[in-house]
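Just so it is clear, the model here is predicted, and its values are computed rather than measured.
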Amino acid sequence: MMHRFVQHVSLWALGSLALPCAVAAQAPGRPIAADSTRGFVALFDGKTLTNWDGDPTFWRVEDGVIVAESTPGKPVAVNTFLVWRGGTTGDFEFKVDYRMTPNANSGVQYRSAVVSNVGQWAMRGYQADLDGANRYTGQIYEERARGFIALRGSFVRFNAAVAGGSTLIGSFGADTALKALIKPDDWNALHIIARGNTIIQIVNGRVMSAVVDEDERGRAMEGLLGLQLHTGGPMKIEFKKLWYRKL
């Protein structure tokens, strides 16, 4: 039953509940198809950072991949981002493959804003959390704002008026089981779906977290997309196959 619930959440967010019921009743454990890019546009040409804005100290293109890297001689003092300047994200889908060193900490910002009083490339807003140890990977976080919104495995309703903010309304599975689906120090596929006040995050074809954000004062319905390089020790993060579709 839980797998059917996961499928229904995803299809609803895409406005596709009219699809055959068989799609929503796949065998338990079968991942949601995540490799289709029909109707998407590429945000990265594989060669340059055209339409992207970030600190060249940390961001570069290498062998067809966007690379973010800090070193002992070039540490990150404040979380820094590579900001997509080709448009904004409102109702959308975004897909990207990523890989990072075990000690790395990163994320994908969306419906976000640049915080100019903090730094030229600092951001605030929704984040698909990612880290090399996969302690946080898959959860919905909000950078410089409301913090943890939906932990891995949870489907929540968020309302700032409720104690703790998040109210659990469903589960996508145990945290440990979902973590086991994320490959350490290897390529993984992230898929974000945002429609209205509902957000779904999928890794390697499995739903990791989702939220119905009812916090009208705190939420954002549109904003910038960005890739994060976190403070901390030396780390390296790679991104490729960046695809975007407006819903």
J.: Report the residue from Tyr141, Phe158, Tyr110, Phe148 that forms a ring pair (Phe, Tyr, Trp, His ring centres under 6.0 Å) with Tyr126.
T.: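 One option only clears the test, and that one is Tyr110.
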J.: Can you see which heavy atom on Gly138 is nearest to which on Val203, and at what distance?
T.: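 Heavy atoms of Gly138 and Val203 come nearest at CA-CG2, 4.3 Å.
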J.: Below 30° counts as parallel, above 60° as perpendicular, anything between as tilted: where do the rings of His191 and Phe40 land?
T.: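 The rings of His191 and Phe40 stand perpendicular, inter-plane angle above 60°.
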J.: Between Arg124 and Glu142, is there a side-chain N and carboxylate O pair less than 4.0 Å apart?
T.: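 So Arg124 does not pair with Glu142 through a salt bridge.
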J.: Taking NZ, NE, NH1 and NH2 as the nitrogens, is one of them in Asp91 or Arg111 under 4.0 Å from a carboxylate oxygen of the other?
T.: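 A salt bridge is present here (some side-chain N lies under 4.0 Å from a carboxylate O).
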J.: Among Arg219, Arg157, Glu216, which residue satisfies the side-chain contact (heavy atoms from CB on, under 4.5 Å) criterion with Asn197?
T.: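 Result: among Arg219, Arg157, Glu216, Arg219 is the only option passing the side-chain contact (heavy atoms from CB on, under 4.5 Å) with Asn197.
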J.: Please tell me whether Asp131 and Thr137 have a donor and an acceptor in their side chains that are separated by less than 3.5 angstrom.
T.: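 Yes - a donor-acceptor pair under 3.5 Å links their side chains.
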J.: Is the shortest distance from a Lys or Arg side-chain nitrogen in Asp63 or Lys47 to a carboxylate oxygen in the other one below 4.0 Å?
T.: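 Salt bridge: no.
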J.: Heavy-atom count check: over 12 atoms from other residues, nucleotides or ligands less than 6.0 Å from Arg60 CZ?
T.: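 Enclosed.
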J.: Using only heavy-atom distances, determine whether the side chains of Asn51 and Trp84 contain a donor-acceptor pair under 3.5 Å.
T.: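 Side chains of Asn51 and Trp84: no pair found under 3.5 Å.
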J.: State, without any angle test, whether Gln139 and Ser209 hold a side-chain donor-acceptor pair at a distance under 3.5 Å.
T.: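 On atom types as modelled, these side chains do not qualify, holding no pair under 3.5 Å.
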J.: Verify salt bridge (Lys or Arg N to Asp or Glu O under 4.0 Å) between Arg245 and Glu93, making sure each step is shown before the conclusion.
T.: CA-CA 5 Å; Arg245 179 172 73 156; Glu93 279 189 87; 2.3 Å; yes
J.: One thing to verify: whether Asp97 and Lys240 come together as a salt bridge, which I'm taking to mean a side-chain N less than 4.0 angstrom from a carboxylate O.
T.: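 No, this pair does not count.
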J.: Should the pair Glu238-Arg99 be classified as a salt bridge under the 4.0 Å nitrogen-to-oxygen rule?
T.: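 Salt bridge present between Glu238 and Arg99.
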J.: Determine whether Arg152 and Asp175 satisfy the following criterion, salt bridge (Lys or Arg N to Asp or Glu O under 4.0 Å), listing intermediate values before the conclusion.
T.: CA-CA 6 Å; Arg152 186 167 55 213; Asp175 175 79; 2.8 Å; yes
J.: Should Arg146 and Asp213 be marked as a salt bridge (Lys or Arg N to Asp or Glu O under 4.0 Å) after you check the CA-CA gap, both sets of side-chain angles, and the distance that decides it?
T.: CA-CA 12 Å; Arg146 295 173 296 173; Asp213 195 342; 2.7 Å; yes
J.: Is it true that, when you exclude Lys183 itself, more than 12 heavy atoms of the residues, nucleotides or ligands shown sit nearer than 6.0 Å to its NZ?
T.: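 Buried by this count: over 12 neighbours within 6.0 Å.
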J.: Quick check on the hydrophobic clustering: are Met208 and Val156 connected, directly or via other members, by side-chain heavy-atom contacts under 4.5 Å?
T.: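 Met208 and Val156: one cluster.
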